[in-house]
Number of protein chains: 2
Amino acid sequence: MPNQGNTTTQMAGSSSTSLAAAEKPASPRRTRNKPEERHKEFVRKAIELFAEVGFEAGTRELAQRLGVTQPLLYRYFPSKDDLIAAVYQEIYVNRWKKEWRDGLIDESRPIRERIIAFYEDYTSTIFTPEWIRIYIFAGLRGVDINRRYAATVEAEILRPITLATRHSFGLGGQEPPTAEEVELFWTLQGGIFYYGVREIVYQFPMPVDRATMIRNAVDTFLTGVGPVLKRLAERENVAG
Amino acid sequence: MPNQGNTTTQMAGSSSTSLAAAEKPASPRRTRNKPEERHKEFVRKAIELFAEVGFEAGTRELAQRLGVTQPLLYRYFPSKDDLIAAVYQEIYVNRWKKEWRDGLIDESRPIRERIIAFYEDYTSTIFTPEWIRIYIFAGLRGVDINRRYAATVEAEILRPITLATRHSFGLGGQEPPTAEEVELFWTLQGGIFYYGVREIVYQFPMPVDRATMIRNAVDTFLTGVGPVLKRLAERENVAG
DNA sequence: CATGTTATTTATCGAACGATAATTAACATG
DNA sequence: CATGTTAATTATCGTTCGATAAATAACATG
């Protein structure tokens, strides 16, 4: 049934003609593409598929969506795990913006403005099904990816925010933020992140739009964090 | 334990003796148990296994851990999905405490105390690999469970907290909390929940203990939420 | 102790999976 | 236009999965 008919095989396209058995789009032989493009194309579609189904998604399903045969995948990725690694790289490394940190430590703007601007841009990057769902899939599958990512968030975002906030309250000097201080900002980070999880993963109806949520959360946090930071700083001075 | 084996079938236990082919613990025939106990036992072990591996965990692996054969599972659960449903029921329905709501609306204690006490007890219930990991697995697999659970959290926890906090600030009356108000408390909830995710799922080293984190997060929140709630209430009064 | 019920096991099916080897055809080069 | 390279396909292997049917043995009852 592979149909080698030299006649009308062309328009096998993708849909409608598929028989009950599925899987084979009935197009024998396709065009020949450049390896780099194929590689990118494969990763892009893999992200799409994994975000939907998870990493248990079959290589046959992926091949079908790409309009190629399943063994072709193994010409570009030695194993499925290598494909998954490429997916991680694309999402969590290539999409990170160095400007986030720069904006946060830019003392020419008020701290509130900086933090709100950061979270608006950051959430516009990560609040997609691809980013969030794959991030969560990754965390359940193994801890490496997420630990590394969390370490980056802490080093590049939360510690700078902590120091900047401390300064804006006229507290402390250059000493590195304590774990307890950083933990405070983790709860802000987590609270905002969980908004995205409810919206995108649990598909909860979200009556409050993202910008409003961020503004209220940051306002609440910045108003309340002053006294707590002060208390922590005093305790630190006594202890140290 | 069970196994009244009249000979040496005893030590079929679990390890070492397993041949290369694996799967069969070499114990032919076991004792006969009461159906209700089996049912409970199966669910209990299924929770354990699913928390580790996810719902893709094989029924053969589960059977092996139970010391029974795989087809026996199908005498107690018509399909794997029914087993999963029983797991959900056990974790997310049976472990819910009505006292949480009662404690939160008990106006004889200060609001700060009530909220901190609630989160300490709540986290002591849900900050286990079983609860958190299965909750997250469930959310990626389908939205029903988590949507239902989130609706319960909102109705039984967050709305009461919102009203109680409003009162403690001398704001508003009996009007139901607005979506924007509730959303504020969702960020607190999410921030605390994400602490558990980092600890249990991502296995991040947590230098700040749970109680301290809760105290700081609630203090920050309660200090900061007053002005924001007030602003929202005023806007509401003008608009309404 | 004989008998009936049913909890449990043995054996097996069909589908789907990741992966490999061998074959075929698209394209670049002379 | 003949030729070599390699992108892409066909065919297939071995494993694992959820699930079912039939055989067997534990226990209750008389």
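Treat the numbers as computed from the prediction; the structure is a model and nothing was measured. Each chain gets a letter, A, B and so on, in the order the sequences are listed, and its residues count up from 1.
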Return the value, rounded to whole Å, for the distance between atom [atom1] of [X] and atom [atom2] of [N].
X	N	atom1	atom2	result
A:Arg60	D:dT16	CZ	P	16 Å
B:Arg32	C:dG4	CZ	P	15 Å
B:Glu61	D:dA19	CD	P	17 Å
A:Asn33	C:dA25	CG	C1'	14 Å
A:His39	D:dA8	NE2	P	13 Å
A:Gln70	D:dT12	CD	P	15 Å
B:Arg38	C:dT8	CZ	C1'	8 Å
A:Glu36	D:dT6	CD	C1'	14 Å

Original post:
Any salt bridge between B:Glu37 and B:Lys40, counting N to O under 4.0 Å?
Top reply: no

Original post:
What heavy-atom pair brings A:Glu130 and A:Ile91 nearest, and what distance separates the two atoms?
Top reply: O-CD1, 4.1 Å

Side chains of [X] and [Y]: do they bring a donor and an acceptor to under 3.5 Å?
X	Y	value
A:Trp96	A:Glu156	no
B:Tyr195	A:Glu183	no
B:Asn94	B:Glu90	yes

Subject >> Those residues of residues 71-84 of chain B lying under 4.0 Å from DNA chain C by at least one heavy atom >> reply: B:Pro71, B:Leu72, B:Arg75, B:Tyr76

Original post:
What pairs of residues pass the salt bridge (charged side-chain N to carboxylate O under 4.0 Å, His left out) test when at least one of them lies in residues 119-129 of chain A, not counting sequence neighbours?
Top reply: A:Lys97-A:Asp121

Original post:
Watson-Crick or G-U wobble partner for D:dG30, using a 3.5 Å limit on both distances?
Top reply: C:dC1

Original post:
Does a nitrogen or oxygen in the side chain of A:Thr69 sit under 4.0 Å from OP1 or OP2 of D:dA8?
Top reply: no

**OP:** For A:Ala57, report the nucleic acid contact type (base, sugar-phosphate, nothing); a contact means any heavy atom under 4.0 Å.
**Re:** sugar-phosphate

**OP:** State, with a plain yes or no, whether a side-chain heavy atom of B:Arg114 is found less than 4.5 Å away from one of B:Phe118.
**Re:** no

